[in-house]
Amino acid sequence: MESTSYTNLSPFKFLDAYQKEDGDIFFGREAEVQELYKMSYQTNLILVYGVSGTGKTSIVRCGLANCFDQSDWFDVYIRRQENINKATIRELKHHDANQSFEPGDALPQMVHSLYKDHLRPIYLIFDQFEELFILGSEEEQAEFIASIKDLLAHDLPCKVIIVMREEYLARLSGFEKAVPSLFEKRLRIEPMNRANAREVIISTARNPRFNIELCYEEIADDIIDNVTAGGGRVQLTYLQVFLDKMYRLAAEEDPDNIVFDVDLVQQVGSIEDVLADFLEEQLVVFSEEVDRRDLALRWLKLFVSEKGTKIPVSIEELQQMSGDMSLPRLSIYLDFFVNRRILRPLDNEQFELSHDSLAEEIFGLRPQGVPMPRIVIPDDRPPSPFMGFEPYNSEMAPFFFGREEEVKDLFDKVVNELGARTTLVFGPLGVGKTSLVCAGLLPRIKQLYEVAYVRCSRELIDSVLTKKMLAQEPSGDEKPLFLDLAFQWSDEPPTPLERKIIILDQFEEFFIWVQDHEQLLHLYLHIAALLESRRNIDLVIVLRDEFFSQIQDLEAFIPNILEEQVRIRHVDNPTAHSIIEELLRQADMEVENPAIIDRIIQNVSEEDGKINLTYLQLYLERLYEELN
């Protein structure tokens, strides 16, 4: 595959928003733009919201901006970056060309000063406002709300426009209490209808700036069908991505004669294929020209939040999270993905993914197909292969028999499952959950990753570090306490970039010994903070199934905790047969009559006929001791 820069090749916006200068190619949103324009004369506070990919930013920065003459529009575009309050001050100072601000000026004074200098209404546009709730602390949120309340109270010639994804609207309750007018003038941006999407395609192709020929106008309907999978509404972002792919393929055939026809639509395929293919194409080129694909994917995940949204990351943060990666190496990564439109640079030496749709794709990917390492049987065998009442551990892994298929399923779920960050392992007492984890999973994943095995014992729960964690909510500015708890026995702390797997075994002990509801709430918050800390952590929670209903409370903090489950069941008779035969062989114990094994199974079965592996180990150990 040839390395072709993606910069300035296609005339379509791809994942970028339309800007004021794109007014002549911005179509299909006239009604929304007019409604927003009308609101701007009715209030100083407007809320614009909708699902990702509906073109909210384009409607404000291109549609609304072009409704005003230059003398009536002075926009200050603000993204949260590292802190929304600092970013607001920084952007206002950037526009203070006359250096009129006085030391100590608050937000209202700065805005009033800008107005006096330019004699134009000031439009403060807070885009992707949901970042304040995804990444910001409560203190940051409170400071911002107070400053906006103060600004609105001064009744200045200033409009505040908040643009955000609608799934985060519920997080505005505190804002509304301080500013009751927050929801009075709001505009929901819905995906485009087919008629407007058709106008976008046809009008864009007719624009003299482009060299595009439609074989017939109905080809627009074929394009929309592929973008929507036959549905009614059209995501503007996906439409732009699809048209961008069509343009590139047509340009490869004849750059001087771009034709959109049925064959080209079929060649592009579905929109799901387009985004996935685009990302995969860049990863392939990266693996050929720069470094391994899995390294690229792990590095790109630094730009994705725990909820699958894009987040801005500074160069300093990238250096901290990238471990031993040198600054020149980091620059190579950045240049590659910026040139290929995966990343875009922001102010203040920050970078982010081009769109949340890319973040969703990256969020769902992880290096696939990692083969499960084998366990090598040592020359020196232990005196007895039986564990009695104790579960099998890593040292006894070579003698953990009969559970190979379950070990492989658990390994693939934890290591290779797409999108899995947490795995819940549960089952009844006596099915060998701890043995499966400690002798099956643990010695294999330790060959690949940094692993912390934590048995949630009464001793651990009563430890100073755990009590500190249970007594307080996590602080967003500190390293997660749970990370210190998990790796407190490691010689060196793990680096943020390397993949880490934390196993919390016998998690039900927390429900047994921690009765205070607030302490359990703090536990859940610390686990959520651990996973949201962008430190490349996977979590495995092991517990008895009678406590399953209590683990559901954790779902409020880790929404997918119940989606990734591995239920350990009682072994069946054939499996029990193979376990007994192999253990007896390892102990040099011969069985002349196969019926003896059936008798052993009968003796260790519970009243309902289910085989208790703990009883089986105790029984075999007793036999071994009597014969020796």
Side-chain angles (χ1 to χ4, degrees), residues 1-7 9-10 12-16 51-55 191 197 222-231 233-252 263-311 333 336-344 352-370 412 415-421 560 563-564:
M1 183 180 296
E2 294 183 4
S3 173
T4 305
S5 174
Y6 275 71
T7 305
L9 183 61
S10 166
F12 290 101
K13 300 302 291 184
F14 191 62
L15 296 172
D16 297 326
V51 298
S52 177
T54 52
D222 297 330
I223 293 172
I224 293 169
D225 285 339
N226 277 38
V227 171
T228 63
R233 294 283 179 168
V234 184
Q235 297 278 23
L236 182 59
T237 298
Y238 291 162
L239 179 61
Q240 288 292 327
V241 169
F242 195 93
L243 293 171
D244 179 85
K245 182 68 176 287
M246 288 186 68
Y247 186 91
R248 294 183 191 284
L249 291 176
E252 290 178 4
D263 291 339
L264 182 60
V265 173
Q266 293 176 347
Q267 183 182 353
V268 173
S270 68
I271 184 59
E272 290 83 3
D273 295 335
V274 173
L275 271 177
D277 290 348
F278 169 74
L279 179 60
E280 184 59 31
E281 286 169 7
Q282 312 321 310
L283 292 174
V284 168
V285 176
F286 182 91
S287 66
E288 294 172 349
E289 298 182 355
V290 182
D291 214 332
R292 299 201 322 263
R293 179 187 184 278
D294 63 316
L295 293 180
L297 188 54
R298 293 183 191 206
W299 188 79
L300 287 173
K301 282 179 176 288
L302 298 177
F303 298 88
V304 182
S305 76
E306 176 61 23
K307 295 177 175 62
T309 60
K310 64 186 178 74
I311 51 177
Y333 275 49
F336 179 90
F337 287 113
V338 168
N339 288 335
R340 296 197 158 259
R341 298 166 71 179
I342 298 286
L343 295 176
R344 65 157 63 99
E352 69 173 2
L353 292 168
S354 299
H355 198 270
D356 271 333
S357 55
L358 267 181
E360 291 170 6
E361 285 289 329
I362 294 169
F363 182 72
L365 291 175
R366 73 191 316 164
Q368 300 183 47
V370 177
D412 285 336
V415 175
N416 292 322
E417 187 84 5
L418 295 181
R421 293 290 309 281
N560 61 345
E563 296 178 9
E564 304 296 339

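Scanning for ring-ring contact (aromatic ring centres under 6.0 Å, His included) contacts around Phe286 gives Tyr333, Phe336, Phe337, with sequence neighbours left out. Applying the side chain to side chain contact (heavy atoms under 4.5 Å, CB included) criterion to Gln266, with sequence neighbours excluded, gives Val262, Asp263. Applying the side chain to side chain contact (heavy atoms under 4.5 Å, CB included) rule to Thr309 yields the partners Ile134, Arg165, Tyr168, Ser305, Asp356; only residues at least two apart in sequence or on another chain are considered.
Note that CG of Asp244 and CG of Leu249 are 9.5 Å apart. Values are rounded to the nearest 0.5 Å. Taking CD1 of Ile362 as the reference point, atom CZ of Phe303 lies at 9.0 Å (rounded to 0.5 Å). For the atom pair OG1 of Thr54 and CG of Leu236, the computed distance is 8.0 Å after rounding to the nearest 0.5 Å. How far NZ of Lys245 is from CD of Gln267: 8.0 Å, rounded to the nearest 0.5 Å. Note: Asn226 CG to Tyr238 OH = 15.0 Å, rounded to the nearest 0.5 Å.
When all heavy atoms of Leu239 and Val227 are compared, the pair lying nearest together is N-CG1, 4.0 Å. Taking every heavy atom of both residues into account, Leu283 and Arg293 meet most closely at CD1-NH2, 3.8 Å. Closest of all the heavy-atom pairs between Leu302 and Ile311 is O-CD1, 3.8 Å. Of all non-hydrogen atoms in Glu361 and Leu279, the two that sit nearest each other are CB-CD2, 4.0 Å. Of all heavy-atom pairs between Ala197 and Val234, the closest is CB-CG2, 3.7 Å. In terms of heavy-atom proximity, Leu358 sits nearest to Ile342 at CD1-O, 3.8 Å.
Checked by atom type and distance alone, the side chain of Lys310 never pairs as donor or acceptor with a backbone atom of Ser354 at under 3.5 Å.
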